[in-house]
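Read through the structure below, which is laid out as structure tokens, and then see the notes.
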Amino acid sequence: MKIASWNVNSLNVRMPHLKQWLGTAQPDIVALQETKLEDAKFPDTDIAALGYRCVFSGQKTYNGVALLAREMPVDIVTDVPGLADPQRRILIASVGDLRIANLYVVNGQEVGSEKYKYKLDWLARVTDHLGNEAAKHKNLVVLGDFNIAPEDRDVHDPVAWHEQILCSTPEREALKRVESIGLVDSYRHFDTEGGKYSWWDYRQAGFQRNRGLRIDLVLASDALRPRLAAAHIDLEPRRWERPSDHAPAILELNA
DNA sequence: ATGGTGGGTTACCCA
């Protein structure tokens with residue numbers, strides 16, 4: 001069972017990449033972020049032709065999340081209590097015996113800004129709801145673009161990024177509160193090394209120089225721990241022409 | 001310290 005998270009930065013532009021990647025990587029479940037498509041324009045019939053059913057919560061121009069699976073995801077949540085948010089950033093659904101929460105966490109722009117406050121508030125509200133989900137569903141996977149590098153070993157230049165957006169202490173503490181509901185960063189379950197990233201700035205040849213951050217995470221609940229088989233980041237689609245600035249983060253689970 | 005690239009749009013946009 002292969003579960004992936006991929007910020008595609010416009011599904012319109014990245015549909016050929018998605019198609020290619022689904023064909024070669026053969027994931028079972030894929031969480032997409034930044035689809036930037038309103039629901040009426042979501043290419044669900046094209047995706048069905050590739051062998052995946054999908055659910056989605058999108059908007060024009062910004063944000064947008066989707067979940068692809070071999071079978072239709074059910075029991076969908078796109079809005080959480082206490083968060084009247086027009087921005088489409090969360091999609092929770094059940095696939096088989098798994099509960100999957102796909103997050104496109106707010107970027108936050110700059111530490112101390114209004115968007116930064118929104119980021120921390122959004123995460124606090126979502127964390128509360130994830131606690132409710134965890135209480136109801138023992139097999140919980142929380143994945144997505146967290147827009148937070150958990151630790152300095154997830155950052156190419158920790159000095160330059162010290163207390164900057166995506167790396168500040170309040171953001172890292174907020175991520176720890178998500179994990180405190182009983183979730184493990186599956187990548188770190190297998191690999192303690194640094195230098196492995198999931199996002200590289202388009203500017204200044206960030207990817208070619210591996211100047212990146214690991215901000216795309218797949219968290220798995222404690223009940224899933226015995227089933228963790230492997231975790232990695234697939235750099236291949238980041239090398240393709242006109243790529244997303246993110247690479248897919250993958251967790252493999254034993255049946 | 002600034003700005004660079006790329007998505008979207010025509011915004012003092014967002015990443």
Side-chain angles (χ1 to χ4, degrees), chain A residues 5-21 30-43 46-47 56-66 83 85-91 102-123 126 143-150 154-168 170-172 174-175 197-217 233 235-249:
Chain A
S5 173
W6 194 8
N7 179 324
V8 291
N9 187 14
S10 168
L11 186 53
N12 251 346
V13 173
R14 239 61 75 182
M15 198 53 192
H17 305 66
L18 179 65
K19 181 175 182 177
Q20 174 80 25
W21 189 73
V30 184
L32 301 178
Q33 303 87 34
E34 282 205 271
T35 55
K36 301 186 178 181
L37 285 174
E38 45 194 337
D39 291 348
K41 295 187 175 172
F42 197 89
D46 293 340
I47 287 171
F56 34 87
S57 178
Q59 65 183 95
K60 196 174 163 185
T61 310
Y62 305 118
N63 310 310
V65 285
L83 190 62
D85 187 3
Q87 300 194 22
R88 302 290 81 194
R89 298 179 173 276
I90 183 163
L91 196 161
N102 176 14
L103 309 184
Y104 174 45
V105 176
V106 179
N107 173 284
Q109 194 175 48
E110 187 179 17
V111 173
S113 67
E114 281 304 310
K115 286 174 187 166
Y116 183 75
K117 292 185 189 78
Y118 165 50
K119 178 179 198 168
L120 295 178
D121 183 61
W122 188 93
L123 258 175
V126 169
L143 76 175
D145 176 0
F146 282 75
N147 268 316
I148 299 170
D154 302 305
V155 179
H156 69 90
D157 186 346
V159 173
W161 282 87
H162 179 71
E163 294 300 335
Q164 298 300 303
I165 195 67
L166 315 185
C167 299
S168 73
E171 292 168 273
R172 287 175 169 176
L175 175 60
Y197 312 121
S198 67
W199 170 83
W200 304 259
D201 201 302
Y202 285 123
R203 294 167 284 194
Q204 299 179 328
F207 180 68
Q208 288 80 356
R209 300 196 286 159
N210 198 29
R211 296 178 65 82
L213 304 179
R214 193 175 68 88
I215 58 177
D216 298 273
L217 311 176
I233 298 164
L235 301 184
E236 190 57 30
R238 189 61 176 80
R239 299 191 179 102
W240 297 344
E241 205 144 326
R242 211 180 174 191
S244 166
D245 44 351
H246 295 252

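Letters go in sequence order (proteins before strands), and every chain restarts at 1.
Base-pairing analysis of DNA chain B finds the following stems of at least three consecutive Watson-Crick or G-U pairs, with both pairing distances under 3.5 Å: B:5-7 with B:13-15.
Residues satisfying the ring pair (Phe, Tyr, Trp, His ring centres under 6.0 Å) criterion with A/Phe207, sequence neighbours excluded, are A/Trp200.
If you measure from atom CG of A/Asp245 to atom C1' of B/dC14, you get 11 Å, rounded to the nearest angstrom. If you measure from atom CD of A/Gln109 to atom P of B/dC12, you get 15 Å, rounded to the nearest angstrom. Between the CG atom of A/Leu166 and the C1' atom of B/dA15 there is a distance of 10 Å, given to the nearest Å. Spacing between atom NE2 of A/His246 and atom C1' of B/dC14 amounts to 12 Å, rounded to whole angstrom units. Rounded to whole Å, the distance from CD on A/Glu110 to P on B/dA15 is 13 Å. Between the OH atom of A/Tyr104 and the P atom of B/dC14 there is a distance of 11 Å, rounded to whole Å. Here the C1' atom of nucleotide B/dC13 and the CG atom of A/Asn63 are 12 Å apart, to the nearest Å.
Within the 4.0 angstrom heavy-atom criterion, only backbone atoms of the sugar-phosphate kind lie near A/Arg89; the bases stay farther away. No engagement by A/Phe207 is indicated, since no non-hydrogen atom pair under 4.0 Å with the nucleic acid exists.
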Can you check each nucleotide of nucleotides 2-9 of chain B against protein heavy atoms at under 4.0 Å and return B for base, S for sugar-phosphate only, - for none, in 5' to 3' order? -BBBSSSS
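Here the straight-line distance linking atom CG of A/Leu103 with atom OG of A/Ser5 works out to 8.5 Å at 0.5 Å rounding. For the atom pair CZ (A/Arg88) and OH (A/Tyr104), the distance works out to 14.0 Å, reported to the nearest 0.5 Å. Rounding to the nearest 0.5 angstrom, the gap separating the CD1 atom in A/Ile148 from the NZ atom in A/Lys119 is 5.0 Å. In this structure, CG on A/Leu18 lies 11.0 Å from OG on A/Ser244, to the nearest 0.5 angstrom.
Taking the P atoms as reference points, B/dA11 lies 24 Å from B/dT5, given to the whole Å. Nucleotides B/dG8 and B/dA15, compared at atom P, are 15 Å apart to the nearest Å. Between B/dG6 and B/dT2, the distance separating the two P atoms is 23 Å to the nearest Å. B/dG7 and B/dC12: their P atoms are spaced 22 Å apart (whole Å). Straight-line distance between the C1' atoms of B/dA1 and B/dT10: roughly 29 Å, to the nearest whole Å.
Residues A/Gln33 and A/Asn9 are not in side-chain contact: their nearest non-hydrogen atoms beyond the backbone lie 4.5 Å or more apart.
For the residue pair A/Asn7/A/Trp199, the side-chain donor-acceptor check at 3.5 Å is not satisfied.
A/Phe56 and A/Phe42 have parallel rings, their planes meeting at less than 30° on a 0 to 90° scale where 60° marks the start of perpendicular.
In this structure, A/Trp21 has its ring center under 6.0 Å from that of A/Trp6.
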